[in-house]
Amino acid sequence: MDYINAFWIGGVICALVQILLDRTKLMPGRVMVLLVCSGAVLGALHIYQPFQDFAGAGASVPLTGFGNLLWKGVKEAVDKEGFIGIFMGGFKASAVGISAALVFSYLASLMFDPKMKK
């Protein structure tokens with residue numbers, strides 16, 4: 001049942017984002033920022049964690065999950081380090097995901113022939 005919940009909730013999130021992209025004039029970058037910020041806000045309101053516990057990877061993989069992860073990292077670092085934790089927490093919490101994205105995108109660029117759009 002965990003796989004089913006992850007699949008349909010992740011699909012609903014992706015479908016809602018696609019509708020937002022198709023029906024509004026928002027650029028994709030702004031929509032991505034909106035998703036990350038909404039995940040952070042929902043995490044701060046203690047709404048996202050129960051949702052993530054129910055949905056599993058369906059809620060933790062999309063960009064809203066990344067925003068929640070940043071929020072949790074910043075909160076823990078501020079509790080531990082004080083004001084400087086605002087700048088450290090997000091990097092510590094998301095370092096593995098960001099590093100994986102960089103490494104795999106570099107490997108993909110080696111395997112394929114990337115071209116700039118004209």
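In what follows, every heavy atom counts, from backbone to side chain, and hydrogens, waters and symmetry copies are set aside.
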Examine [X] and [Y] and state if one hydrophobic cluster contains both, with Ile, Leu, Val, Met, Phe, Trp and Tyr joined whenever side-chain heavy atoms are less than 4.5 Å apart.
{"X": "Ile86", "Y": "Phe91", "answer": "no"}
{"X": "Val61", "Y": "Phe104", "answer": "no"}
{"X": "Leu69", "Y": "Phe51", "answer": "no"}
{"X": "Leu16", "Y": "Ile47", "answer": "yes"}
{"X": "Leu34", "Y": "Leu21", "answer": "yes"}

Residue pair [X] / [Y]: nearest heavy atoms and the distance that separates them:
{"X": "Leu70", "Y": "Gly90", "result": "CD2-O, 3.5 Å"}
{"X": "Gln52", "Y": "Ala59", "result": "CA-CB, 3.8 Å"}
{"X": "Ala93", "Y": "Gly73", "result": "CB-CA, 3.6 Å"}
{"X": "Ala57", "Y": "Pro62", "result": "O-CD, 3.9 Å"}
{"X": "Gly85", "Y": "Ala77", "result": "O-CB, 3.5 Å"}
{"X": "Phe66", "Y": "Ser94", "result": "CE1-CB, 3.5 Å"}

Would you compute the distance between atom [atom1] of [X] and atom [atom2] of [Y] and round it to the nearest 0.5 angstrom?
{"X": "Ser60", "Y": "Asp53", "atom1": "OG", "atom2": "CG", "value": "10.0 Å"}
{"X": "Leu110", "Y": "Ser105", "atom1": "CG", "atom2": "OG", "value": "10.0 Å"}
{"X": "Leu42", "Y": "Thr64", "atom1": "CG", "atom2": "OG1", "value": "8.0 Å"}

Which pairs would a plain distance check flag for residues 23-31, meaning a side-chain donor or acceptor within less than 3.5 Å of a matching protein atom at least two apart in sequence or in another chain?
| unit_1 | atom_1 | unit_2 | atom_2 | d |
| --- | --- | --- | --- | --- |
| Thr24 | OG1 | Leu20 | O | 2.5 |
| Thr24 | OG1 | Leu26 | N | 3.4 |

* **Exam field: side chain Ser99 to backbone Val96, donor-acceptor pair closer than 3.5 Å** =>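 It does not hold such a pair.
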
* Could you tell me whether the side chain of Tyr48 and the main chain of Gly65 form a donor-acceptor pair under 3.5 Å? =>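 Judged by distance alone, yes, a pair lies under 3.5 Å.
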
* Asked: Does any non-hydrogen side-chain atom of Lys92 lie less than 4.5 Å from one of Glu76?
  ->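 They are not in side-chain contact.
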
